[in-house]
A.B. asks: 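Let me give you the structure first, and then I'll get to my questions.
These numbers were taken from a predicted model, which means no experiment stands behind them.
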Amino acid sequence: MPPPNPSEPADSWAHYQLYCRVIDALYAVPAHFTSRTAIEGIAATDLQTLNTVLGATIEEQVVATLNRMRTVWDPEERYQRFFFQRQAQVFPDVLLKADRNGQEIILGIELKGWYLLSKEEMPNFRFQVTADACAEADLIVVVPWALSNVLSGMPVTYKPFVTQARYAAEYRNYWWANVRRTSTDKSIAIPEGVSPYPAKSDQVTDRPARDGGGNFGRLARIGIMDEYITDMLGLPLAGIPAKSWIDFLKQFEQ
C-alpha cells in the first residue's frame, strides 16, 4: 500500500489565492510576531517547562499576529468581513471565518506552539482527528519559539512547520498500520458520518485497537517532520544551536 501524498485545494477554488496567501502569511509570522510577555528570574532548570506555562499564550499571540497581517493575506481587501478566531477544545482550533457567530468558514488551522528548548527535542502534541473531519484547505501549523535572550526575555518565533491536515491524518494512519514495527493489532477504528468543522460534542478521533505507549497521533514521531525538526534543533540561539542548549539543560535536571 503506497503512502498518501500531500494535496491542496484545486486552483479553480474561489478562495485558492487566499489559501496561498495565508500560507505565505504563516511563514512570515516570525517577522511580524510581537509579545508583551516578559520572562525574568526563572531558574535555568525550570526553563524546559515553559511550554506548559506559555504555550496557549503564544498560540493566542500568533492568531493576533495573523489578524494584524491582513495586508499580506488580503491585499485586495476582498475579505474584510473575515478574521482568524481561536476556538477552544474543538478541531480546528483556529478558523478563518466571517464573524464570531456566523458559519461562513473558509479554512481552519490546527495551531501548536513548540518551545525549542523542551527536553523532548520535538513538538509533543498528538493529532488524532480523522481525515474526514479535515476540509481540503485545513492546515496543521507548528510554531517554534524561544526567549529573546534564551534564558530570559520575550518570546520570539521561528519558521513554522505547515502541512495539510487531511494529509497528516492519512499519513498518521498509514504509518501506524504499515510502517510501525509491532506484533500487536494495528487496526484503527474510524468514525463514520464525519464532516469538516465538527461541533465540540462530535466524535471525530481515530482510535487504534492497541496503543499501550499512548503514541498514536504524535506527528513528530512518524517521519513527516524529521527534516524540519533537525533544522530547528540546529537553529542558533545566542550563537549556540538549540540542541546544545537542550543537552546542557538536561545535565541539571532535578
Side-chain angles (χ1 to χ4, degrees), residues 1-8 48-49 51-52 55 59 89-93 108-136 138-144 159-196 198 200-235 241-244 246-247 249-251 253:
M1 178 179 178
N5 293 312
S7 62
E8 62 177 24
Q48 293 180 316
T49 66
N51 205 59
T52 302
E59 291 161 15
Q89 299 179 341
V90 62
F91 172 83
D93 51 19
I109 299 172
E110 186 71 359
L111 177 65
K112 302 298 179 186
W114 170 27
Y115 178 47
L116 271 178
L117 299 189
S118 60
K119 63 183 178 182
E120 293 87 357
E121 301 183 18
M122 63 177 66
N124 203 31
F125 71 97
R126 293 180 180 86
F127 179 64
Q128 300 174 324
V129 172
T130 194
D132 285 345
C134 306
E136 202 167 20
D138 288 350
L139 301 168
I140 289 181
V141 177
V142 179
V143 178
K159 177 185 175 182
F161 173 82
V162 181
T163 194
Q164 288 79 26
R166 180 183 289 271
Y167 163 68
E170 291 173 344
Y171 191 88
R172 174 202 63 215
N173 287 11
Y174 167 82
W175 182 88
W176 190 264
N178 298 281
V179 179
R180 184 177 59 110
R181 295 184 178 182
T182 181
S183 59
T184 62
D185 187 348
K186 296 182 178 182
S187 63
I188 301 169
I190 298 175
E192 298 179 353
V194 174
S195 59
K200 184 177 179 179
S201 58
D202 292 345
Q203 299 298 316
V204 298
T205 57
D206 290 346
R207 300 184 182 278
R210 297 289 299 275
D211 183 17
N215 289 316
F216 182 74
R218 293 183 185 268
L219 294 191
R221 301 189 180 189
I222 65 174
I224 64 174
M225 297 185 71
D226 285 359
E227 183 177 350
Y228 172 80
I229 291 171
T230 298
D231 288 346
M232 289 299 101
L233 292 180
L235 188 72
K243 177 65 166 65
S244 296
I246 296 169
D247 292 342
L249 293 170
K250 282 183 177 180
Q251 295 182 48
E253 283 184 337

A.B. asks: Using side-chain heavy atoms (C-beta onward) and a distance below 4.5 Å, is I246 in contact with L233?
C.D. replies: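 I246 reaches L233 side chain to side chain.
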A.B. asks: Does G217 offer a backbone N or O that forms a donor-acceptor pair with the side chain of R172 under 3.5 Å?
C.D. replies: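 Flag not set: sc R172 to bb G217 has no pair under 3.5 Å.
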A.B. asks: Looking at V141, is its backbone amide N or carbonyl O close enough to the side chain of E110 to form a donor-acceptor pair, meaning the two atoms are under 3.5 Å apart?
C.D. replies: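 No: the side chain of E110 does not pair with the backbone of V141.
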A.B. asks: Atom CD of E192 and atom OG1 of T130: how far apart are they, to the nearest 0.5 Å?
C.D. replies: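 Here the interatomic distance stands at 10.0 Å.
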A.B. asks: Using side-chain heavy atoms (C-beta onward) and a distance below 4.5 Å, is Y174 in contact with P2?
C.D. replies: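 A side-chain contact is absent here, since even the closest heavy-atom pair is not under 4.5 Å.
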A.B. asks: Please examine the side chains of L116 and W114, heavy atoms only from C-beta on, and report whether any two atoms are closer than 4.5 Å.
C.D. replies: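 Result yes, sub-4.5 Å side-chain heavy-atom pair found.
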A.B. asks: Side-chain contact, heavy-atom cut-off 4.5 Å: P92 with I109?
C.D. replies: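 Of all side-chain heavy-atom pairs linking I109 with P92, none is under 4.5 Å.
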A.B. asks: Could you note down all residue pairs passing salt bridge (charged side-chain N to carboxylate O under 4.0 Å, His left out) where residues 113-127 supplies at least one of them, sequence neighbours left out?
C.D. replies: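 Non-adjacent pairs meeting salt bridge (charged side-chain N to carboxylate O under 4.0 Å, His left out): E121-K243, E121-K250.
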A.B. asks: With a 3.5 Å cut-off and no angle check, do the side chains of S187 and D185 form a donor-acceptor pair?
C.D. replies: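 Distance-only check passes for S187 and D185.
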A.B. asks: Is a donor on one side and an acceptor on the other found under 3.5 Å between the side chain of Q164 and the backbone of E8?
C.D. replies: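 Judged by distance alone, no pair lies under 3.5 Å.
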A.B. asks: Quick check for you: to the nearest 0.5 Å, what is the distance between I229 atom CD1 and E227 atom CD?
C.D. replies: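 Rounded to the nearest 0.5 Å, the CD1-CD separation comes out at 11.0 Å.
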A.B. asks: Are the side chains of D132 and S195 in touch, meaning some heavy atoms are under 4.5 Å apart?
C.D. replies: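 D132 vs S195: side chains apart.
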A.B. asks: Looking at CZ of R218 and CZ of F127, how far apart are the two atoms once the value is rounded to the nearest 0.5 Å?
C.D. replies: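 That separation rounds to 15.0 Å.
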A.B. asks: So K112 and I140, do their side chains get closer than 4.5 Å, heavy atoms only?
C.D. replies: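 The answer is no; the side chains never approach within 4.5 Å.
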A.B. asks: Does some side-chain heavy atom of C134 sit less than 4.5 Å from a side-chain heavy atom of V129?
C.D. replies: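 In contact.
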A.B. asks: How many angstroms lie between CG in N173 and CD1 in I190, if you round to the nearest 0.5 Å?
C.D. replies: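 CD1 of I190 is found 5.5 Å from CG of N173.
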A.B. asks: Can you list everything that forms a salt bridge (charged side-chain N to carboxylate O under 4.0 Å, His left out) with E170? Sequence neighbours excluded, please.
C.D. replies: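 Counting only residues at least two positions away or on another chain, E170 forms no salt bridge (charged side-chain N to carboxylate O under 4.0 Å, His left out).
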A.B. asks: Can you name the nearest heavy-atom pair linking P144 to P160, along with the distance?
C.D. replies: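 That would be CD-CA, 3.9 Å.
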A.B. asks: So, do Y167 and S7 sit near enough that their side-chain heavy atoms are less than 4.5 Å apart?
C.D. replies: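 They are not in contact (no side-chain heavy atoms under 4.5 Å apart), so the answer is no.
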A.B. asks: In terms of side-chain geometry, is the basic nitrogen of D231 or K159 positioned less than 4.0 Å from the acidic oxygen of its partner?
C.D. replies: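 No salt bridge links D231 with K159.
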A.B. asks: As a quick check of understanding, evaluate side chain to side chain contact (heavy atoms under 4.5 Å, CB included) for T163 and Y171, giving each step before the final call.
C.D. replies: CA-CA 11 Å; T163 194; Y171 191 88; over 6 Å; no
A.B. asks: What's the spacing between M232 CE and M225 CE if we round to 0.5 Å?
C.D. replies: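 Taking CE in M232 and CE in M225, the distance rounds to 10.0 Å.
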A.B. asks: Sequence neighbours left out, what pairs pass ring pair (Phe, Tyr, Trp, His ring centres under 6.0 Å) with at least one residue falling in residues 200-227?
C.D. replies: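 Qualifying pairs: W176-F216.
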A.B. asks: Just how far is it from atom CG of L219 to atom CZ of R221, taken to the nearest 0.5 Å?
C.D. replies: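 The CG atom of L219 sits 11.5 Å away from the CZ atom of R221.
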